[in-house]
Amino acid sequence: MSGLRVRFAPSPTGYLHIGGARTALFNYLLARKEGGTFVLRIEDTDVERSTQESVDAILQAMEWLGLSYDEGPLYQSERFGLYKEKVDQLLESGQAYRCYCSQEELDAKREQAMKEGGKPRYDGTCRDRTDQPDLPYVVRFKSPQEGATSFDDRIKGTISFNNDELDDLIIQRTDGTPTYNFVVVIDDAEMGINLVIRGDDHINNTPRQIPIYQALGYQVPEFAHVPMILGSDKKRLSKRHGATSVMAYREMGYLPEAMVNYLVRLGWSFGDEEIFSMADLIEKFSLDNVGRSAGVFNPDKLLWLNEHYIKTGDPARLAVLVAEILEGLDVDISGGPDLTDVVQTLQDRAKTLVEMAEGARFYFEAPQSYDEKAAAKFLTEDKREVLELTVKKLSELSSSSLEEVEIAFKNVMEESGLKFGKIGPSVRVALVGGTVSPSIYEVVAVLGKDEVLARLQKALASLG
Ligand code: GLU
């Protein structure tokens with residue numbers, strides 16, 4: 001066990017996005033690698049936009065990816081008491097103040113500042129106010145006005161902001177609810193987080209947060225801001241570039257290990273290596289190899305990885321996943337061949353589990369009709385003789401092992417004097433209804449003698 005404590009802090013206002021999943025993965029990997037602790041915190045202070053449905057979707061996606069956490073999920077919505085205490089503490093120590101400026105006043109000040117060519121920042125009217133009128137107010141943090149706030153980002157290097165750029169941040173709204181930049185500091189500090197790994201869309205928040213740590217007497221953690229993910233047109237990744245929800249890829253027949261492998265490579269590299277299991281990653285991952293520039297989302301690469309993991313996957317496990325998809329397609333697999341055997345014939349051909357399920361359908365549903373073009377070419381009267389011979393040879397088999405099937409077809413070729421190219425396509429159309437399938441020998445072996453004979457007889461009856 002090391003003392004490393006990291007966290008993933010999603011806002012439950014939608015599904016788990018590719019970018020969020022990558023942030024979660026980086027946190028997870030580092031925690032596992034260093035024997036640290038991975039905390040999951042649900043940032044649901046925005047009660048209007050946060051939903052239980054989104055929380056569930058995020059938890060499911062993390063489970064699917066295999067990102068287990070050690071503490072949590074902790075909910076910010078259950079911690080309002082703590083945040084209130086901290087607001088009061090800052091008010092008492094004079095590091096925060098009540099601001100009674102109305103929206104109209106603030107708008108007018110902003111306009112005035114812009115007119116004068118200045119920055120539209122709060123001018124500090126209420127900073128030194130001592131009265132407490134009976135008016136609505138927000139609480140503002142007294143941000144430092146001189147000097148600079150800097151930090152050594154573990155990915156981006158030293159980052160420095162001039163404090164005169166920061167105005168006095170609102171930490172509590174008129175309705176009494178605390179704001180993001182405030183609660184994130186309290187939570188990270190109270191949860192003992194010592195390394196904050198998050199998307200670089202938060203990098204401008206960090207110099208606002210650091211003074212709050214200091215004012216509350218907390219240790220400032222280290223930060224690592226992960227570059228964002230872009231689409232192929234170098235614009236921020238969005239739905240225009242394809243699905244951005246992690247779970248949408250599950251629906252499309254992707255394996256979680258392909259997604260994990262893909263996500264990690266969006267920003268992290270290890271020489272020229274492309275294929276990483278979770279165990280490899282836990283061993284090899286480090287922030288030192290996270291690049292500073294944005295990653296570009298490439299769906300072809302993800303598909304390529306998926307194909308790899310399907311090819312090399314354990315057939316019994318793939319069978320369980322394909323069974324679910326077949327059920328969704330209303331294919332009844334009971335009474336059909338063993339799905340693990342079926343999967344083995346398709347592993348070299350399918351890029352997704354959905355493709356695999358579609359390719360497996362014919363094993364469980366005999367063709368009701370034949371593809372017209374294929375039948376016109378391969379199920380013609382002149383094939384009757386060789387198809388009958390095939391029926392004869394296959395019916396003599398004592399088992400449907402691949403070896404025996406091969407021998408049977410060899411005999412058919414010898415007796416008919418025909419090459420396999422003159423026999424196989426007709427058998428294929430008879431068995432699967434079209435011209436695409438795994439190798440005929442495999443199909444025959446997996447379908448089994450009885451089913452194959454029934455399908456061949458049916459095709460024979462359809463000839464002419
Ligand atoms: N809740 C924030 C978000 O989902 C993350 C905050 C953080 O990581 O500091 O963008």
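Counting starts at 1 for both ligands and their atoms, in listed order.
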*Determine, using heavy atoms of Tyr180 and all atoms of ligand 1, whether some pair is separated by less than 4.0 Å.*
yes
Are the aromatic ring centres of [X] and [Y] under 6.0 angstrom apart?
X      : Y      : value
Phe285 : Phe26  : yes
Tyr262 : Phe297 : yes
Phe276 : Trp268 : yes

Within ligand 1, which atoms have a heavy atom of [X] less than 4.0 Å away?
X      : answer
Ser11  : 1 (N), 2 (C), 3 (C), 4 (O)
Glu43  : 1 (N), 2 (C), 5 (C), 6 (C)
Val184 : 9 (O)

_Tyr180 and His202 aromatic ring geometry - parallel, tilted or perpendicular at 30°/60° bounds_ = tilted
*Give me the ring orientation class for Tyr83 and Phe80: parallel if the planes are under 30° apart, tilted from 30 to 60°, perpendicular past 60°.*
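Ring orientation, 0 to 90° scale: perpendicular.
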*Is the Lys NZ or Arg CZ of Arg140 less than 6.0 Å from the centre of Tyr122's six-membered ring, within 45° of the axis?*
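Here Arg140 passes the 6.0 Å and 45° test against Tyr122.
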Note the single closest protein heavy atom to [atom], along with its residue, its atom name and the distance in Å.
atom                    : answer
atom 5 (C) of ligand 1  : Ala9 O, 3.3 Å
atom 10 (O) of ligand 1 : His202 NE2, 2.9 Å
atom 8 (O) of ligand 1  : Arg7 NH1, 2.7 Å

*Which bit of His17 gets closer than 4.0 Å to ligand 1, counting heavy atoms only: side chain, backbone, both or neither?*
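Neither part.
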